[in-house]
Amino acid sequence: MSTSTAGEEIVPTTLGGKAADYLDQRLGIAGAAKKNLRKIFPDHWSFMLGEVCLYSFIILLLSGIFLTLFFTPSMGDVTYNGSYTPLDGIRMSEAYASTLNLSFDVRGGLLMRQIHHWAALVFVMGIMVHMLRVFFTGAFRKPRELNWIIGFGLFTLALAEGFCGYSLPDDLLSGTGLRIMQGLVLSIPIVGTYISFFLFGGQFPGHDIVPRLFTIHILLVPGLILGLITAHLILVFYQKHTQWAGPGRNDKNVVGLPLMPVYMAKAGGFFFVVFGFIALLGGLVSINPIWVYGPYVPNQITAGSQPDFYIGFFEGALRMMPNVEFNFWGHTLSLNVLVPFAVVPGILFGGIALYPFIEAWITGDKREHHILDRPRNMPTRTALGVAGITFYGVGWLNGGNDLIAIRFNLSVESITWVCRFLIILGPIFAFWLTRRICFGLQRRDRDKVLHGAESGIITRSPEGAFSEVHTPLSQGELHKLTAHDVHRPLTLTEVTDANGVPAPNLRRAKLRAKATQWYFGQRVEKPTAEEYHESITSGHH
């Protein structure tokens, strides 16, 4: 930027420089921009998962604005006379008719619809995978517990937003989903009927549900999501980014690339990669062809109907639960609906939201953590995560038991019974197997530290014995394999005082000691410095 001077003051001469100087004199943004634009971010592919969520949300906003201009959120009856001749002359809602017009008569409308739908799926999947990365690496630990809660809030809002958008076209498939949702609401004891009447404006389906879902979908939930994303990014900036262990990396620094210009250039390029991928899906892979299903009619249902993948677990849980209900004080308590709708998701989601605080209480660890864990070094946490994925996966699989039965010529009942056993035994087996794998990988790391890496070169001694040559590890590799804490279970030191009076909170202390024994009772010790030097001097390398 060329400048001229007046005394000692540098006066910008370009239009951009003058605009920046104008804003800086009134807002004082130069200092903050200089500090934040040089902020360092770690360079690792796993940190891009959060950016996938952000970019897909931006695509959702842009495509959603386009769709809003042509969609009519009304359940008023009209006769369709559009381009799709198989439905010509059929009575349907204005919402369904406008979606058909958007798909067949608006230039680029079908492409935008499909981009919007695929972006929603990528958004939800991105949040799920990003949360799994945070969970397995321990990035939720102090001081990031609040950001974990924000991420969980984004996940639940994304589920609600997806369901509302999925229900807007008022086709037979989305209407079936709304009917299931109404049945779930009715299962709530005492207040279920009142909530249903409030949501639908009377008897199902009423004439108010689509306009209400439309308002929620384009205004309420996106506003909340945008607010939580902003809070999430502010906390990431303020608390600094986590990073993987390595030479020169500790809890007081961040090794990586500056935000400007390197990281911004990479992030900008990655946005267009995500957008191109979603646009390719929207242009080549059909999704939610509502014209095939037809308009929603309350006395009809779509055969083989399947919700989007993020609702599959709830669908599978409903199909899996046995028919159990009884009368209680004049009210019918339908456990076959209430348990998979409220109890099981409540326990699962509650455990996910509160896990950082549960682990902190078990371990007693109150330190700040900016270095990530390798999943193998926290076997119990990793095993819990895999068990949770297995639990979710079995429910999701059972959500398509009818289609599985058709494709593989099996009975729906047998698949349902297998899933009923698997949803209990599967997570237990997955927990046991994952812990064994983690301990095996830890022992392998210990062996590599003490004896070096296998080279694949076999030598023969003068005595005729064969052995493999091991090569010493680099300092970076040694640091990665040994830069973790070995946790030990807590022990009760003072059960009673000098007078034999039980210590305060004794029951809580005993429970915590048992929890740490379960969490850290089995472990693999890191090689000590003496063991490492002995291995070098003894020629094991």
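Residues take their numbers from the sequence shown, with the count starting at 1. All heavy atoms count here, side chains included; hydrogens, waters and symmetry mates do not.
With a 4.5 Å cut-off on side-chain heavy atoms, T434 and I437 do not count as touching. Under the 4.5 Å side-chain criterion, counting only non-hydrogen atoms from C-beta, L372 is in contact with R133. The side-chain heavy atoms of Q442 and R523, taken from C-beta on, include no pair separated by under 4.5 Å. A 4.5 Å side-chain heavy-atom check between M131 and W148 finds at least one atom pair inside the cut-off. Between N288 and L173 there is a side-chain heavy-atom pair separated by less than 4.5 Å.
Between F41 and H241, the ring-plane angle classifies as perpendicular under the 30° and 60° cut-offs. Using cut-offs of 30° and 60° for the angle between ring planes, the F431 and W518 rings count as parallel. The aromatic rings of F391 and F313 are tilted relative to each other, their planes meeting at an angle between 30° and 60°. Taking the six-membered ring for Trp and thresholds of 30 and 60 degrees, F204 and F200 have ring planes more than 60 degrees apart, a perpendicular arrangement. The aromatic rings of F421 and W417 lie tilted to each other, with the angle between the two planes from 30° to 60°.
In summary, R488 and E525 engage in a salt bridge, as defined by a charged side-chain N under 4.0 Å from a carboxylate O.
The line from CD1 of I229 to CZ of F57 is 4.5 Å long, rounded to the nearest 0.5 Å.
Heavy-atom contacts from other residues, nucleotides or ligands closer than 6.0 Å to CH2 of W396 number 12 or fewer.
The nearest pair of heavy atoms linking H130 to G50 is ND1-N, 3.5 Å.
When each of D445, T382, T137 is tested with R374 by the rule side-chain hydrogen bond (donor to acceptor under 3.5 Å, both in side chains), just one qualifies, namely D445.
Side-chain atoms of D308 do not come within 3.5 Å of backbone N or O of L121 as any donor-acceptor pair. In this structure a side-chain-to-backbone donor-acceptor pair under 3.5 Å is missing from N398 to G395.
Side-chain contact check for H369 and D251: no donor-acceptor pair (N or O, by modelled atom type) lies under 3.5 Å.
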